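All values derive from a computational prediction rather than experimental measurement. Heavy atoms only: backbone and side chains are in, while hydrogens, waters and symmetry mates are out.
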Amino acid sequence: MPSASSPTPNRVWFTPGNGLSLFSLDGVPATAVICHERRYPELVRLPVMAGAQVLFHPNAGMDDLAVSRAKRRGRDGIPVRAFENAVYYVFANSVGPQGGGKWSAGDSKIVAPDGSCLRLANNRREQVLVENLDLSRATRKYASDSLQHPRFLATHWRRVLPELRQRVRQTDLKFQRWFQSAGSASVA
C-alpha cells in the first residue's frame, strides 16, 4: 500500500481535476467522468441537475485479475448511477491484460435511464458499441427532484448550481481560446 509520501502509480502520470464537465454534443446536453471519478456520485448528479442527459465515461481499468473478474458482466454499479439520475450512461473501458500483472474487465456498455443494459461488450477483445438513444427516456427525474427534496439538501443543491454553470462557462472560454490559438498556429 503506498504511503502519503510515495505516490500511487496513477499519481505519477495523472493529476486529479477540480471541475465538472457539462457540454453539448449535437445539441444534446452531456457530461463526462473519467476512471476513478465514478465513485463520486455528486460528479454525475450536479451536471445532470444542470441539464445533462448523457454521461460519457472513458476508463482504463487496472486491477488484479480477481478484482477484474468480479467486475465482469456489468457488476460494477454503473446501472445504478444511470438509474439514480435517469440518464444514459456510456462506459468505454480498456480490456484484457494491462501490464504489470494488472487487468481490465472490459465490459464497455451503454446503459438506459432505467438501469437496463442496452449494449454490453465482452471482456476478451475490443468492440465498438452503437445504440440509438431515445432522449425522451433521459428525464433526469431523480436528479431534478433533488432540487426540491430532501429540503436540507435541496437548498444546498440550488446554491451550488449557479457556481457550477459559471465554472463551466469559464472552462468553455478557456478551451475556446486554446483551440483558437492551436488552430491559428497550425495555419501559420
So Y88 and L118, side chain to side chain contact (heavy atoms under 4.5 Å, CB included) or not? Walk me through it. CA-CA 10 Å; Y88 286 98; L118 301 173; 3.8 Å; yes
Applying side-chain hydrogen bond (donor to acceptor under 3.5 Å, both in side chains), can you list everything that pairs with R140, at least two apart in sequence or on another chain? none
Contacts of type side-chain hydrogen bond (donor to acceptor under 3.5 Å, both in side chains), residue E84, not counting sequence neighbours: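 Residues passing side-chain hydrogen bond (donor to acceptor under 3.5 Å, both in side chains) with E84: R81.
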Non-neighbouring partners of [X] that pass side-chain contact (heavy atoms from CB on, under 4.5 Å), sequence neighbours left out:
| X | result |
| --- | --- |
| E37 | V33, I34, L43 |
| T155 | R158, R159 |
| Q166 | R169, Q170 |
| V111 | I78, P79, A82, Y89, K109 |

Straight-line distance of F91 CZ to L129 CG, nearest 0.5 Å: 11.0 Å
To the nearest 0.5 Å, what is the distance between CD on Q127 and CG on L120? 8.5 Å
Whether [X] side chain and [Y] backbone form a donor-acceptor pair below 3.5 Å:
| X | Y | value |
| --- | --- | --- |
| D145 | Q148 | no |
| H57 | C35 | yes |
| S104 | S94 | yes |
| Q53 | L135 | yes |
| N59 | N93 | no |

[X] versus [Y], closest heavy-atom pair with distance:
| X | Y | answer |
| --- | --- | --- |
| A50 | L22 | CB-CD2, 3.6 Å |
| P47 | S21 | CB-O, 3.6 Å |
| N85 | V44 | ND2-CG1, 3.6 Å |
| G27 | P29 | O-CD, 3.6 Å |
| A52 | V87 | O-CG1, 3.6 Å |

For R119, give me all partners under salt bridge (charged side-chain N to carboxylate O under 4.0 Å, His left out), at least two apart in sequence or on another chain.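 By the salt bridge (charged side-chain N to carboxylate O under 4.0 Å, His left out) rule, R119 matches E131.
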Could you work out, with salt bridge (charged side-chain N to carboxylate O under 4.0 Å, His left out) as the rule, every residue matching R137, not counting sequence neighbours? D114
Could you walk me through whether F56 and L25 pass side chain to side chain contact (heavy atoms under 4.5 Å, CB included), step by step? CA-CA 11 Å; F56 293 97; L25 188 62; 3.9 Å; yes
Could you name each residue pair satisfying ring pair (Phe, Tyr, Trp, His ring centres under 6.0 Å) that touches residues 147-168, not counting sequence neighbours? none
Could you go step by step and tell me if M49 and L147 meet the side chain to side chain contact (heavy atoms under 4.5 Å, CB included) rule? CA-CA 8 Å; M49 286 176 169; L147 293 170; 4.0 Å; yes
Under the salt bridge (charged side-chain N to carboxylate O under 4.0 Å, His left out) rule, what pairs show up with a residue in residues 25-36, not counting sequence neighbours? none
Linked hydrophobic residues, Y142 as query - side chain contacts closer than 4.5 Å: F83
Shared-cluster residues of V130, by chain and number - hydrophobic side chains joined below 4.5 Å: V128
Please tell me whether V80 and V54 are part of a single hydrophobic cluster in this structure, the criterion being side-chain heavy atoms less than 4.5 Å apart. no
ILVMFWY cluster, L46 and Y40 together (side-chain gap under 4.5 Å):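 Linked within one cluster.
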Close side-chain approach of V48 to L55, heavy-atom, < 4.5 Å: no
